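The structure appears below as structure tokens.
Proteins get letters first, then strands, A, B, ... in listed order; numbering begins at 1 in each. All of these numbers come straight from a predicted model, not from anything done at the bench.
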Number of protein chains: 2
Amino acid sequence: MIIGQRNRLQYIILGLLNQRPQTGYDLAKAFENEIGEFWQAQHSQIYPMLKRMETSGDITHEDTVTGEKLAKKQYSLTPAGHAKLVAWVSEPSPELSATKDEFILKLYFIKTAADPRLQPMLQEQAVLHRAQLAHLKQRRETVFPNQTAIDQAYGHYLILDHAIGREQYYVDWLEKFLR
Amino acid sequence: MIIGQRNRLQYIILGLLNQRPQTGYDLAKAFENEIGEFWQAQHSQIYPMLKRMETSGDITHEDTVTGEKLAKKQYSLTPAGHAKLVAWVSEPSPELSATKDEFILKLYFIKTAADPRLQPMLQEQAVLHRAQLAHLKQRRETVFPNQTAIDQAYGHYLILDHAIGREQYYVDWLEKFLR
DNA sequence: TAAAAACATGTAATTAATTACATGTTTTTC
DNA sequence: GAAAAACATGTAATTAATTACATGTTTTTA
């Protein structure tokens, strides 16, 4: 039997559907927003995966209609899917995170601090990451205005906090080398 | 004409070969070590890419033999390849880095601070990231023992510094939530 | 000196992921 | 009321990446 790649996407979808039944479109939004800092998936990857997961018996869907005829599929977990999710969360995560950062790699190929390309490159990234940091902070303010909100979605708070700290570090690091 | 995916791997290989002629094996090591924090590629991806790049005229190779018969291919840049590298480094990098972190995603699905799984999960990751941090610091000590070493491979120093700071943040963040 | 680890190069099979193609509805904004 | 944006779902084509298969040499270690 072939084990194949880990198919982590399915687990993430299980986790998202466990929070509440959702459409593929909703899931795609989640990958752009709250979890996009830590995992990415397009709708073209999500819709086929949903079909596959329904075939496996981990999720089911209910057809609904918005307005006159806009068809939606509201997916939710089966008990089997829920069990799979619980097992995944509980098992160890021995792999360090994988980051792909094209900018940092370009820096690697800059040989001296005097290279005229260096400062503009750092400047460009600073603009980008400051904007991202501001955006994440803004989101924390709106999503978690008080302790009650934090307590009700603690995991979400944790990862947003992590993402903000990470961006803050990135900006600080860039500024350390900016003149 | 189809534009296709960005094929960043080729540029990274160009950059590595620009430092010094290397074999595919050497390149695979680089992806495990100095740049592995920011890009990953296995030898099974590297060898075919080298052939492709040689066909495109960006690199060439020289056959050498170690010992009695161990054949090696020492790849190096052609002028065309060098030009391609320079163009890549100079062009903007408007995309934020992409991170895939399975552990953080698991946290997202933890609903309350009282969940009994939370502390062991944080603990496990702390062990992992402390080890990684120690490893990176150790490498900085050996690779960059003095200012001269830094000046001679500034880009390398920059990205190692970035990776250390990032790991330090990760550990600090984990410890913030550990009791 | 035998075994293990590291060096060295490839291909095959499979899965993951992106980009493009394709279509239609509902809501919001000007 | 028209246009734009957002909602909604899919497939096709292609590229990227991983895992497994496959083989052999050289160096280091016990």
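- Side chains of B:Arg166 and B:Tyr169 form no contact here, defined as non-hydrogen atoms less than 4.5 Å apart.
- With contacts defined as side-chain heavy-atom distances shorter than 4.5 Å, the pair A:Phe31/A:Leu9 qualifies.
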From CA spacing to verdict: salt bridge (charged side-chain N to carboxylate O under 4.0 Å, His left out), B:Glu102, A:Arg6: CA-CA 11 Å; B:Glu102 189 173 6; A:Arg6 301 257 281 88; 3.3 Å; yes

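- Using a 4.0 Å cut-off between a side-chain N of Lys or Arg and a carboxylate O of Asp or Glu, B:Lys51 and B:Glu54 do not qualify as a salt bridge.
- Surrounding CD of B:Glu68 are at most 12 heavy atoms belonging to other residues, nucleotides or ligands under 6.0 Å away.
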Dot-bracket pairing map - DNA chain C, Watson-Crick plus G-U, both contacts under 3.5 Å, | cross-strand: ||||||||||||||||||||||||||||||

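- If you take CG of B:Asn7 and C1' of D:dT15, they are 9 Å apart, rounded to a whole angstrom.
- What separates NZ of B:Lys69 from P of D:dT23 is a distance of 16 Å, to the nearest Å.
- Residues from residues 10-27 of chain A lying near DNA chain C, meaning a heavy-atom separation below 4.0 Å, are absent.
- Separating the CZ atom of A:Arg8 from the C1' atom of C:dT15 is a distance of 12 Å, rounded to the nearest angstrom.
- How far CD1 of B:Ile46 is from CG of B:Asp26: 10.0 Å, rounded to the nearest 0.5 Å.
- Between A:Glu34 and A:Ile159, the shortest heavy-atom contact is O-CD1, 3.5 Å.
- For B:Tyr157 and B:His162, the gap between ring centers reaches or exceeds 6.0 Å.
- Counting any heavy atom pair closer than 4.0 Å across all strands shown, A:Ala71 reaches sugar-phosphate atoms only and no base atom.
- OP1 or OP2 of C:dA17 has at least one side-chain nitrogen or oxygen of B:Lys100 nearer than 4.0 Å.
- Non-hydrogen atoms lying under 4.0 Å from DNA chain D are contributed by B:Gln45, B:Arg52, all within residues 45-55 of chain B.
- Both A:Gln40 and A:Val65 sit near DNA chain C, but only A:Gln40 has its closest nucleotide nearer the 5' end.
- Following rounding to the nearest Å, B:Glu68 (CD) and D:dG24 (C1') show an atom-to-atom distance of 14 Å.
- Taking atom CG of A:Leu70 as the reference point, atom P of C:dT28 lies 13 Å away to the nearest angstrom.
- Between the CZ atom in B:Arg52 and the CG atom in B:Asp58 there is a gap of 10.5 Å [rounded to 0.5 Å].
- Ring orientation note: the planes of B:His156 and B:Phe144 are nearly perpendicular, at an angle over 60° on the 30°/60° scale.
- Both B:Thr66 and A:Ser44 sit near DNA chain D, but only A:Ser44 has its closest nucleotide nearer the 5' end.
- Residue B:His43 contributes atom NE2, which lies 14 Å from atom P of D:dT23 at whole-angstrom precision.
- You'll find that the side chain of A:Lys73 is closest to D:dG10, out of D:dT26, D:dG10, D:dT11.
- Put simply, A:Gln42 has no side-chain N or O that comes within less than 4.0 Å of OP1 or OP2 on C:dA17.
- Within the structure, every side-chain polar atom (N or O) of B:Lys29 is placed at least 4.0 Å from both OP1 and OP2 of C:dA6.
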